[in-house]
Amino acid sequence: MLQKPSIPKGTRDFLPLEMARRNYIFRTITEVFSLYGFLPMETPAMENLSTLLGKYGEEGDRLIFKILNSGDFISKVPDDDVYFSNSNKLSSKICEKGLRYDLTVPFARFVVQHQNEITFPFRRYQIQPVWRADRPQKGRYREFFQCDVDVIGSDSLLNEIELARIIDDVFSRLKFKAAVKINNRKVLAGMVEVAGVPEKFIPVITAIDKLEKTDRDNVVGELLQKGLSEEAVNKIMSITEVSGDNTGKLSALRELLGKSETGMKGIKELGFLFKYLEKSGLENEFIFDPALARGLDYYTGTIFEVKAKDVEIGSICGGGRYDNLTEVFGLSGVSGVGISFGADRIYDVMLQLNAFPGELLTGTRIMFTNFGEDEASYCLDIVGMLRKAGISAELYPEAAKMKKQMTYADRKNISYVALIGETELKERTVTLKNMVTGSQQKISPEELAGLLQEDTFLPGR
RNA sequence: GUGGAUGUAGCUCAGGUGGUUAGAGCGUCAGAUUGUGGAUCUGAAGGUCGCCGGUUCAAGUCCGGUCUUCCACCCCA
């Protein structure tokens, strides 16, 4: 016996019901994106490693799936022990491609490469899978879909407002509550500046980002351990712990960050953003959280993070502004903002909240039973007629027992079954059975299309 | 990448201290009902106990390794 087949860890197969639900999410998100004037685009699953490496921080580089060169790649490796004792050195010699880690960096590459073919400010959306060599956990996969929307080539904060509204629209349509946290990297930069440790930016923000998960003492401990003075730590903690409503927090920070030009700029930006958001009539919570940091290295301004209100699963959407991402690819002075919806986590949330509409999996509207060759050929004509009228119809492919055919229709959640046997064939009629009520009636084939179109009822499960 | 738990039929799980032929519920299939599904009854099929090795007269059970899934850290959608 062969070994049981399997798929790589952290990857998944999707059954028809799951696909129906996933497509519902993609459809909803796409509808909102196009409503805001964004256009679709795609990039390849694999990129050159030179495009990917060094953009996501040290940890990110480790999580990139590398693709082995084809052919006799080993003969090109110098016969030197350093290559065979160090995986990183070896992989640099035998891999030149990798699977994309997110959609933002490939997008930056795309913008630089096609700068003369696109119109700025460029608004695009991109829905594709990404891969991370992470250890799988709940809500954490090695292959998952991101739904990105970005505006590049404009530093107006109106773009941030548009993105915030997109977030609000998407979760309103998907019918569950989200909590959106907003901060600004400039506020964080100002924070380490007034604490006198501007060179410790990355270690400080990764530490305070954990405030939500662990208790305050751990974060303080981590900061001290990273070499900050007690005074600097106190300063940082006082900034992250300002309380009140959004405007209250902002005015408190105006005091605390007064000495930092960058910090004040961040506060000004946030002030503008919240002023507009408050009059936007949003349905979800938008909260200024000075402790929100986000790991990715390339953010420079506003940062967003969205969590589901009633499910523990990590962030379901995130993003921010990046000023220099295209620079490494040779195009400077172009600022962009974007957010990314995590379709797989949104799926998990909706499954837990039972937020999917019931009627998603209704493929076939009517199935014709098969009583034999003559009946089947008559059915096929009617099936063709219905399909022309836009009604999805199928004929059971074998003259199996009634029970078997009915069970099939029942399982597939088909609304109607047409029975055409010897008598119906002779009379040129069809016996139409409603699979929900169980009632049946005899009608002419010509009446069928009209009757099915009129009846909007769909069985739900 | 570090630490911990887990793995028995398609699914959910039983199987004290090793001892003949590994069980249940659900599901599947068949029949009761030769042109009628979702209810009920009857019956059947389905397992190299994750994989490899070791200890033992004897391993689902003990030991080691490996893989999977899950949890924590790290990081993140």
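Residue numbers start from 1 in every chain, and the chains themselves are labelled A, B, ... in the order their sequence lines are given, proteins ahead of strands. Atom set for the values below is all heavy atoms of this structure, side chains included, hydrogens, waters and symmetry mates excluded.
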Using a cut-off of under 3.5 Å, enumerate the N/O to N/O pairs linking the protein to nucleotides 2-4 of chain B.
unit_1	atom_1	unit_2	atom_2	d
B/rU2	O4	A/Arg135	NE	3.4
B/rU2	O4	A/Arg135	NH1	3.1
B/rG3	O6	A/Arg135	NH1	2.9

Under 4.0 Å between any heavy atoms, over every strand shown, what does A/Glu424 touch: base, sugar-phosphate, or nothing? Just pick one.
base

Both distances under 3.5 Å, Watson-Crick or G-U wobble: report the partner of B/rU2, or none.
B/rA72

Does the side chain of A/Arg345 get closer than 4.0 angstrom to OP1 or OP2 of B/rC76 through an N or O atom?
no

Using Watson-Crick or G-U wobble geometry with both distances below 3.5 Å, tell me the partner of B/rA14, or none.
none

Any side-chain N or O of A/Lys210 less than 4.0 Å from the OP1 or OP2 oxygen of B/rC74?
yes

Would you call A/Leu270 and A/Asn183 a side-chain contact if the rule is heavy atoms closer than 4.5 Å?
yes

Heavy atoms under 4.0 Å, any strand shown: does A/Gly438 hit a base, just sugar-phosphate, or nothing?
base

A/Ser315 vs A/Val306 side-chain heavy atoms within contact, under 4.5 Å
no

Need the pair for B/rC62. Rule: Watson-Crick or G-U wobble, both distances under 3.5 Å, any strand; none if unpaired.
B/rG54

Is the shortest side-chain heavy-atom distance between A/Asp13 and A/Glu18 below 4.5 Å?
no

Whole-Å P distance, B/rC70 and B/rG18:
33 Å

Can you find a side chain N or O atom of A/Lys138 that sits less than 4.0 Å from OP1 or OP2 on B/rC71?
yes

Check every strand shown and say whether A/Met402 touches a base, only sugar-phosphate, or nothing at a heavy-atom separation below 4.0 Å.
sugar-phosphate

What contact category does A/Cys317 fall into here, base, sugar-phosphate, or nothing, at under 4.0 angstrom with non-hydrogen atoms?
sugar-phosphate

P atoms of B/rG16 and B/rU42, separation to the nearest Å:
30 Å

Please state how far atom CD in A/Gln137 lies from atom P in B/rG1, giving the value in whole angstrom units.
14 Å

Could you walk me through whether A/Gln126 and A/Thr43 satisfy the side-chain contact (heavy atoms from CB on, under 4.5 Å) test, starting with their C-alpha distance in whole Å, then the side-chain angles of each, then the deciding distance to 0.1 Å, before giving a yes or no?
CA-CA 8 Å; A/Gln126 184 175 356; A/Thr43 61; 3.0 Å; yes

Answer yes when A/Asp344 and A/Arg22 have at least one side-chain N-carboxylate O distance shorter than 4.0 Å, and no when they do not.
yes

Have a look at A/Gly10 and say if it touches a base, only the backbone sugar-phosphate, or nothing, with a 4.0 Å heavy-atom cut-off.
sugar-phosphate

Under 4.0 Å between any heavy atoms, over every strand shown, what does A/Gln405 touch: base, sugar-phosphate, or nothing? Just pick one.
nothing

SB check A/Asp209 A/Arg294 (cutoff 4.0 Å)
no

Distance, rounded to the nearest Å, where A/Leu419 contributes CG and B/rG37 contributes P:
11 Å

For a quick check of understanding: with a heavy-atom distance under 4.0 Å over all strands, which category does A/Glu59 fall into, base, sugar-phosphate or nothing?
base

On the side chain of A/Asp410, is there an atom forming a donor-acceptor pair with the base of B/rG37 - under 3.5 Å, no angle test?
yes

How far, in whole Å, is B/rA14 from B/rU8 if one measures between their C1' atoms?
10 Å

Rounding to the closest angstrom, what is the interatomic distance between B/rG15 and B/rG54 at atom C1'?
24 Å

Find which nucleotide of RNA chain B each of A/Thr214 and A/Ile7 is nearest to by heavy atoms, and output the residue with the more 5' nucleotide.
A/Ile7

Any side-chain N or O of A/Lys9 below 4.0 angstrom from OP1/OP2 of B/rU68?
yes

Hey, is A/Phe144 stacking on B/rA77? Ring centres under 5.5 Å, planes under 30°.
yes

Under a 3.5 Å limit for both distances, which nucleotide forms a Watson-Crick or G-U wobble pair with B/rA30, could you say?
B/rU42

Go through the N and O atoms of the side chain of A/Thr369 and the base of B/rG35, and report whether any donor-acceptor pair is under 3.5 Å.
no

Mind telling me whether A/Tyr125 and A/Phe33 have parallel, tilted or perpendicular rings, with 30° and 60° as the class edges?
tilted

Whole angstrom is fine here: how far is it from CD in A/Glu375 over to P in B/rG35?
11 Å

Could you check whether A/Gly57 gets within reach of a base, just the sugar-phosphate, or nothing at all, counting any heavy atom under 4.0 Å?
nothing

Which is true for A/Asp134 with a 4.0 Å heavy-atom rule: it touches a base, it touches only sugar-phosphate, or it touches nothing?
base

Are the side chains of A/Leu277 and A/Ile182 in contact, using a 4.5 Å heavy-atom criterion?
yes

Determine the contact category for A/Ile316: base if any of its heavy atoms lies under 4.0 Å from a base atom, sugar-phosphate if only primed atoms, P, OP1 or OP2 are that close, otherwise nothing.
sugar-phosphate

Base, sugar-phosphate alone, or nothing: which one does A/Phe371 contact when heavy atoms must sit under 4.0 Å apart?
base

Going by an N to O cut-off under 4.0 Å, is there a salt bridge joining A/Glu31 and A/Arg173?
yes

If we take the C1' atom in both B/rA22 and B/rA9, what is their distance in whole Å?
11 Å

Applying salt bridge (charged side-chain N to carboxylate O under 4.0 Å, His left out) to A/Arg321 and not counting sequence neighbours gives A/Glu160

So which one's nearest nucleotide on RNA chain B is more toward 5', A/Tyr141 or A/Glu422?
A/Glu422

Examine the base of B/rA77 for any acceptor or donor lying under 3.5 Å from a partner atom in the side chain of A/Arg132, and report the outcome as yes or no.
yes

